[in-house]
Each structure stands twice: as structure tokens, then as C-alpha cells.
Amino acid sequence: MVGTGGPVATFSVWDYVVFAGTILAAAGLGLFQAIRGRKETSSAEFLLGGRQMTAVPVAMSLTASFMSGITVIGTPAEAYRYGTAFWLFGFSYAIMSTVTAEIFVPLFYRLGITSAYEYLELRFSRPIRVIGTSMYIVQTSVFFDFSVTGLDLWGVLVATGAVCIIYCTLGGLKAVIWTDVLQMVIMLAGFVAVIARGAVLQGGLTKIWKDAGEGGRLETFDFDPDPLKRHTFWTILVGGSVMWVSIYSINQSQVQRYISCKTLGHAKMSLYVNMVGLWITVSLAMFSGLTMYSIYKQCDPLTNGDVGTTDQLLPYLVMDILAVYPGIPGLFVAAAYSGTLSTVSSSINALVAVTMEDFIVPVWKGLTERQISWMNMGLSIFFGGVCIGMAGVASAMGSVLQAALSIFGMISGPLLGLYLLGMLFRTANSVGGLVGMITGLALTLWVGIGGQIYPPKAEKTNPLPLTTEGCTINQNYTTAYPWTSPVTSQPEPALADTWYSLSYLYFSLLGLLITLVSGLLVSMITGETTCSPNLYFNHRHPNDSDVTEKAAADFDLGADNAAFTDIAVMCKDGEKTTKL
């Protein structure tokens with residue numbers, strides 16, 4: 001009986017057929033784009049789609065890149081255990097979209113760069129650019145999608161990953177974006193299937209909502225200012241907004257997409273359409289979690305021993321309620337793996353771009369376009385292999401949602417601080433930027449790693465009560481996982497209940513503030529940059545129809561945001577840069 005515990009059905013033949021069909025359809029779309037554009041072999045075509053993409057497909061690709069398998073697996077489990085506080089990220093998405101579209105998109109788009117980290121060399125120095133790129137590569141390699149299905153699909157992962165490598169290698173960014181569009185549709189269809197079946201079993205959506213309210217899952221707004229509490233209104237609105245700004249504004253996987261748009265207007269619009277896509281996705285994911293609670297409110301599969309980790313809850317639910325419809329569980333697994341492939345393909349293309357633009361091309365300046373094309377494809381194969389391996393390793397990890405966002409917070413926060421240091425403060429120099437970034441990174445790694453070693457107490461993480469009173473079958477076993485068991489029996493350090501208990505959503509904010517403050521102080525001590533107000537630069541008018549070279553003194557920087565962003569780039573240590 002559904003919702004009473006015990007083993008659930010396994011994959012049927014039709015599930016494998018549907019799973020394989022949906023994945024092959026996505027891969028086929030990517031290969032079609034690769035074959036259609038096979039005559040275009042330039043690096044710009046491969047890495048940026050020839051800068052001819054439009055807003056809607058780019059927006060769907062932006063959404064799929066970071067709201068993929070993590071959302072499919074982690075967010076419903078979040079709603080099931082902690083309630084709907086995660087829904088408040090809708091405010092963070094709105095703030096992120098506005099800041100990115102109005103501040104960062106014009107900067108990167110007008111520069112006409114391929115790597116987002118090229119800005120760091122223009123503003124500071126080449127060593128800082130190399131460090132920034134290296135931080136991104138490490139972050140992306142660690143982040144590769146976390147996906148737990150409870151099924152032995154290692155062979156499927158390798159096979160579908162291999163197809164992903166093929167269309168990434170042959171088709172470049174354009175193939176990745178159009179494949180993301182289909183994968184996004186598949187992910188949303190997986191959520192809809194879970195919610196629809198759950199509504200039928202429970203007697204309607206109203207009953208699901210009522211159960212969630214009675215179980216305390218609808219207490220969304222917690223205005224407690226305590227920075228140690230995992231999710232409150234303030235941690236999500238303030239910390240979450242900074243974290244998502246760092247993900248979308250300076251992360252190469254995202255920057256590469258919106259600068260591939262054919263106009264600045266399309267690039268900005270892609271962020272706002274993406275915002276709506278994020279709202280829809282997180283809402284479906286949260287309601288899937290509430291559906292799960294309504295079904296398992298009297299028999300928690302985790303406590304009952306039916307699953308080993310929280311990230312196996314939704315796959316367990318799918319097999320419990322949808323196995324009677326052959327093929328539908330296959331659709332859900334396809335949704336989860338579509339998320340994995342979306343992130344893998346996005347990561348491959350972005351890693352190739354930064355490796356070529358930041359490491360190879362600056363060193364070997366005499367490379368021909370044909371040589372660059374071959375190197376692009378070779379790097380796609382290499383990074384594809386790394387992605388598949390990391391995705392498989394991730395399937396053995398714990399809570400995917402918080403782990404993934406924590407990784408971004410620890411690394412992207414200091415990087416965002418470095419960008420803002422260069423954009424907002426003329427006095428900032430390369431020494432200050434370097435010291436600030438290193439200091440910010442050291443502190444965020446300290447608090448982040450410390451929090452993993454000494455996890456916060458239960459009262460700070462706010463888990464809601466669950467029961468097994470309604471279970472008819474008790475598995476009578478507990479699976480031990482090293483990351484959830486106590487590290488030692490020795491007393492915890494004094495920092496365990498304070499510094500190490502800081503909400504993971506504040507990691508980005510901490511890194512940003514430390515980088516800004518220490519960077520400014522060191523810059524003031526070591527001396528200002530040589531930044532003349534009469535530097536020449538290329539200024540694109542707001543309608544993007546005219547590009548002229550003017551002096552910065554001719555513009556009212558307060559009234560002309562485009563002039564401000566361009567000037568922010570030009571203030572480089574000890575020299576007057578005139579080329580944008």
C-alpha cells in the first residue's frame with residue numbers, strides 16, 4: 001500500500017524505453033544542431049553560437065544549467081523535511097536577475113569577451129585573471145551534478161554522458177543551448193507527473209495543502225535575524241540573493257550564455273525570462289515535496305529505513321506511486337538525468353572556453369583558427385570525461401542541495417567581491433585585489449569546511465517532525481554514512497556553536513564583504529591606481545546602434561551607466577588602456 005513503508009517496485013522494461021527515448025531525443029536535438037552548423041568552424045561559433053542566439057532559448061538554458069538535477073532531487077526533499085521557506089528564494093531570483101541584467105550584462109556584453117575572467121586582467125593583472133579562472137575550474141569540477149536515483153544506472157550515465165560529449169564536441173554552445181531547452185521541458189514534466197498522481201491518491205491539491213499546513217510545512221516566514229539559523233527570511237533574502245548574484249553574474253557557464261545573444265536587449269531579456277523560469281521550477285519542486293509529505297506524513301521512509309539519504313526520498317516516492325503506470329518512472333529518471341546532462345554539457349562548454357581564452361591562446365598567440373577548433377574539440381572530450389566521473393562520485397554523497405550551494409558560496413562570494421572591487425572603487429589596485437580575494441576565500445573555506453566537520457545543532461537547521469506510526473513494514477535497519485555520523489567523541493571547539501554554525505547562505509556575503517574591505521585597505525596602503533579621467537574607450541549607445549570612441553570626460557558618469565561600466569574597466573594599474 002502506498003505510503004506505508006517497505007520495498008517499492010523496480011524499473012520495468014517500459015521505464016527503460018521511456019528513459020532511453022527521452023534522453024536520446026535530447027541528444028538527437030543536440031546532434032542536429034551540430035550537423036546543421038558543421039560548416040561554421042570558428043571559435044566564436046563553437047563557444048558563443050556566433051553571438052546570434054535569442055532571449056527565450058538562452059533563458060531556458062540559463063534555468064536548466066543550475067536548477068537541474070539538484071532541483072529535481074534536492075528541493076522536494078527540502079520541502080518535505082523543512083517546509084516552504086525555500087520558496088522565499090523567489091525574491092532572491094528577482095534581485096539576482098535585476099542586478100545581473102542591469103549591471104553585469106552591459107559590462108560583459110560591451111567588452112565583447114569570451115571569458116568572464118578576462119575582465120580581471122583588464123582591471124587588475126594577468127595573475128589575478130589566472131587565479132580567478134583556476135577558482136572557477138575547481139568550483140565547477142566539484143559542483144558537477146549530484147544525482148541519486150536509487151537505481152544502478154552507472155552504465156546509463158556513461159552512455160548518455162558519452163552522447164553529451166559528442167554533441168558538445170561537434171556542436172558547441174548552440175547545441176548545448178537547444179538541448180537544454182528540451183531537457184528543461186522534461187524536468188518540468190517529471191514534477192507535473194509526481195504532483196498529478198499525488199493529487200489523485202490524496203484526494204486533490206487542497207488535501208495536500210491542508211496536510212502541509214497541519215504538519216507545519218507552510219510556516220514560510222521566519223523573521224528571526226539569527227545568522228546561525230539555516231533558513232530564515234533574512235538569510236534567504238540577503239544571503240541567498242548575494243549567492244545567486246555570484247552564480248549568475250560572474251560564473252562563466254552563465255555569462256557565456258547571455259553574451260551569446262545577438263543584441264544587448266536579448267541578453268537582458270534572457271535574464272528576466274529566466275527569472276520566471278526559476279519561479280516555475282522552484283514552485284513545482286516545492287509542491288512535489290509537499291505532495292511527498294502528504295503521502296508519507298505517517299510513515300517517514302528515511303526514519304523507517306526505506307531509504308538511506310534524504311536525496312533518495314523523491315525517487316522512492318516515484319517508484320511507490322507511479323510504478324503502476326509503466327514508463328512514468330522512466331520519465332522521472334529522465335528528468336533527473338536531463339538535469340545532470342544539462343549541467344555536464346554547460347560545464348564542458350564553459351570549461352573549454354576559459355581554458356582556451358585564459359590559458360592557451362594568451363601563451364600560443366600564433367594558433368590558426370583550425371588549430372583552435374581542434375583544441376576546442378579535444379578539450380570538450382577531456383572535460384566530458386571529468387564531468388562523467390564527478391557526476392558518478394556525487395551520487396554517493398549526502399544532501400545535494402545544500403552541498404552544491406555551499407560550494408558556490410565559498411568560492412563565488414570572494415570572486416564577486418573582486419569584481420565589485422574593480423567596478424566600484426577606483427582606488428583598488430592589483431595588490432589589494434589579490435590580497436582581498438585570498439583573504440575572503442580563506443575565511444569562507446574556513447567556515448564552510450568547519451561547518452562540515454562540526455555540523456550545526458538541530459535547533460539551528462530547523463528540521464520539522466516526522467513519524468513512522470503509520471508504517472506497516474519496518475525495514476529494521478539503519479544505513480551508516482560517514483558524513484552524517486559523529487566525527488569524534490572529543491569535545492567540540494568553542495567555534496562549533498558560533499562561527500562554524502553560520503548559515504551556508506551567508507558564505508557568499510561573508511566572502512564578498514571580506515574581499516571588499518581587505519582589498520580596499522591594502523590598496524590604500526600600497527597606493528592608488530593610475531586612473532586618468534581622460535582615458536579613451538568604446539562607448540555603445542543604449543540602443544546599441546552606434547559605437548563611437550569618446551573621452552570619459554565627455555560623459556556624466558552619474559547619468560550614463562554605460563560610461564560608468566566602461567570606465568570601471570579602464571582603471572588599470574600603472575597604464576592607460578585604450579583597447580576594449
Side-chain angles (χ1 to χ4, degrees), residues 96 99-100 103-108 111 113-140 143 239 241-256 350 354 357-359 407-448 506-529 531 564-574 577:
M96 169 274 295
V99 171
T100 304
I103 297 178
F104 288 91
V105 170
L107 173 65
F108 290 129
L111 286 174
I113 58 179
T114 300
S115 168
Y117 309 102
E118 187 176 344
Y119 169 83
L120 297 179
E121 182 174 0
L122 290 170
R123 178 59 179 86
F124 294 109
S125 63
R126 173 150 183 80
I128 290 182
R129 174 183 178 179
V130 171
I131 293 173
T133 303
S134 301
M135 289 170 64
Y136 167 75
I137 291 175
V138 171
Q139 174 194 61
T140 304
F143 171 75
S241 295
V242 173
M243 180 193 67
W244 280 104
V245 167
S246 72
I247 290 175
Y248 270 80
S249 63
I250 60 171
N251 186 285
Q252 177 66 24
S253 298
Q254 306 297 70
V255 172
Q256 194 169 338
V354 297
E357 294 294 320
D358 297 334
F359 292 116
I407 291 167
F408 270 110
M410 286 185 278
I411 298 180
S412 290
L415 267 178
L416 178 60
L418 181 64
Y419 276 84
L420 292 178
L421 182 68
M423 294 170 62
L424 302 179
F425 301 97
R426 290 182 154 218
T427 57
N429 58 29
S430 59
V431 176
L434 181 61
V435 173
M437 180 175 61
I438 293 175
T439 304
L441 180 63
L443 286 176
T444 54
L445 289 176
W446 178 20
V447 66
Y506 280 133
F507 291 173
S508 282
L509 180 62
L510 174 67
L512 183 151
L513 293 177
I514 294 299
T515 300
L516 284 177
V517 173
S518 57
L520 278 174
L521 289 176
V522 173
S523 295
M524 292 170 63
I525 294 172
T526 57
E528 295 185 1
T529 59
C531 183
F564 164 74
T565 55
D566 286 337
I567 277 292
V569 176
M570 303 312 298
C571 302
K572 186 178 177 183
D573 296 359
T577 307

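The figures here come from the full heavy-atom set of this structure, side chains too, leaving out hydrogens, waters and symmetry mates. Just so it is clear, the model here is predicted, and its values are computed rather than measured.
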Q: Do Ser412 and Met243 come close enough that some side-chain heavy atom pair is under 4.5 Å?
A: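 No, too far: nothing below the 4.5 Å cut-off.
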
Q: Atom CG of Leu510 and atom CG of Leu513: how far apart are they, to the nearest 0.5 Å?
A: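 Between atom CG of Leu510 and atom CG of Leu513 there are 7.0 Å.
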
Q: Quickly, which of Thr114, Val255, Thr100 forms a side-chain contact (heavy atoms from CB on, under 4.5 Å) with Phe108? Name it, please.
A: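 With Phe108 as partner, Thr114, Val255, Thr100 yield a single side-chain contact (heavy atoms from CB on, under 4.5 Å), made by Val255.
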
Q: Indicate the atoms forming the closest heavy-atom contact of Tyr136 with Ser253, along with that distance.
A: OH-OG, 2.8 Å

Q: Hey, could you give me the CG/CG distance between Leu521 and Leu516, rounded to the nearest 0.5 Å?
A: 11.0 Å

Q: Under a 4.5 Å cut-off applied to non-hydrogen side-chain atoms, are Tyr248 and Val105 in contact?
A: no

Q: Between CG of Leu420 and OG of Ser246, what distance do you get to the nearest 0.5 Å?
A: 10.5 Å

Q: Can you tell me how far the CD atom of Gln139 sits from the CD1 atom of Ile247, to the nearest 0.5 Å?
A: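 Answer for the CD-CD1 pair, Gln139 versus Ile247, is 8.0 Å.
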
Q: With sequence neighbours left out, write down each residue that passes side chain to side chain contact (heavy atoms under 4.5 Å, CB included) with Val522, or none if nothing qualifies.
A: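 Result, side chain to side chain contact (heavy atoms under 4.5 Å, CB included) vs Val522: Val431, Val435, Thr526.
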
Q: Within the 4.5 Å heavy-atom criterion, are Ser249 and Leu416 side-chain neighbours or not?
A: yes

Q: Please find the pair of heavy atoms, one from Leu415 and one from Gly132, that lie closest to each other, and give the distance.
A: CD2-CA, 3.9 Å

Q: Looking at Ser134 and Phe359, what are the two nearest heavy atoms and their distance?
A: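 Where Ser134 meets Phe359 most closely, the heavy atoms are OG-CZ, 3.7 Å.
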
Q: Nearest 0.5 Å, what's the OH-CG distance between Tyr119 and Leu111?
A: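 Answer rounded to 0.5 Å: 8.5 Å.
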
Q: Please lay out, stage by stage, how Leu107 and Ile103 fare under the test side-chain contact (heavy atoms from CB on, under 4.5 Å).
A: CA-CA 7 Å; Leu107 173 65; Ile103 297 178; over 6 Å; no

Q: Just list the side-chain donor-acceptor pairs under 3.5 Å for residues 440-448, sequence neighbours left out, or say none.
A:
{"residue": "Thr444", "atom": "OG1", "partner": "Met410", "partner atom": "O", "Å": "2.8"}
{"residue": "Thr444", "atom": "OG1", "partner": "Gly440", "partner atom": "O", "Å": "3.1"}
{"residue": "Thr444", "atom": "OG1", "partner": "Leu441", "partner atom": "O", "Å": "3.0"}
{"residue": "Trp446", "atom": "NE1", "partner": "Tyr500", "partner atom": "OH", "Å": "3.0"}

Q: Verify, without hydrogens or angle tests, whether Asp358 (side chain) and Arg129 (backbone) share a donor-acceptor contact under 3.5 angstrom.
A: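 Answer holds: no.
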
Q: Does some side-chain heavy atom of Leu418 sit less than 4.5 Å from a side-chain heavy atom of Ile250?
A: no

Q: Taking all non-hydrogen atoms of both residues, which atom of Ser115 and which atom of Ile113 are closest, and how far apart?
A: O-CD1, 3.1 Å

Q: Can you tell if the side chain of Ile438 reaches within under 4.5 Å of the side chain of Leu434, non-hydrogen atoms only?
A: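 Ile438 vs Leu434: side chains touch.
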
Q: Mind checking what makes side-chain hydrogen bond (donor to acceptor under 3.5 Å, both in side chains) contact with Tyr117, not counting sequence neighbours?
A: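 Partners of Tyr117 by the side-chain hydrogen bond (donor to acceptor under 3.5 Å, both in side chains) criterion come out as none, since no residue qualifies.
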
Q: Can you give me the closest heavy-atom contact between Met423 and Phe104, atom names plus distance?
A: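 What the structure gives for the nearest pair is SD-CE2, 3.7 Å.
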
Q: How long is the span from the CD1 atom in Ile128 to the CE atom in Met437, to the nearest 0.5 Å?
A: 6.0 Å

Q: Tell me the closest heavy-atom pair linking Ala116 and Tyr419, and the distance in Å.
A: O-OH, 2.8 Å

